[in-house]
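Below is one structure; the comments refer to it alone.
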Amino acid sequence: MRQPERVLGIVSQNGNIYQEGLGPKWAERAKYWANPTPEPRAQYESAFAPETIKGQYLTGEKPGTVGPDGFP
């Protein structure tokens, strides 16, 4: 995070790579991809916040059952 210019790519395992599988929630994001303006970008920044990522791993799980190695 301190040197984002060093990131040359991202490998996503077990992720969907087909547009058909993205579902309706991605329709609004697709509009942003086609026209990336600052206003919608600010809305999507929270999707990559550490607490959001952590929540994706922990929501619905019993406390203490998920190891911290999969999220920031």
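Just so you know, these numbers come straight off a predicted model, no measurement behind them.
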Going by side chain to side chain donor-acceptor pair (under 3.5 Å), name the residues that satisfy it together with R41, two or more places apart in sequence or in a different chain.
none

Applying side-chain contact (heavy atoms from CB on, under 4.5 Å), name anything that partners S46, two or more places apart in sequence or on another chain.
none

Q56: side chain to side chain donor-acceptor pair (under 3.5 Å) partners, not counting sequence neighbours
none

Considering only distance and modelled atom types, tabulate donor-acceptor pairs under 3.5 Å from the side chains of residues 27-34, sequence neighbours left out.
| residue | atom | partner | partner atom | Å |
| --- | --- | --- | --- | --- |
| E28 | OE2 | K31 | NZ | 2.9 |

Tell me every residue that passes side-chain contact (heavy atoms from CB on, under 4.5 Å) with T65, counting only those two or more places apart in sequence or in another chain.
E61, K62

Who are the side-chain contact (heavy atoms from CB on, under 4.5 Å) partners of E51, not counting sequence neighbours?
K54

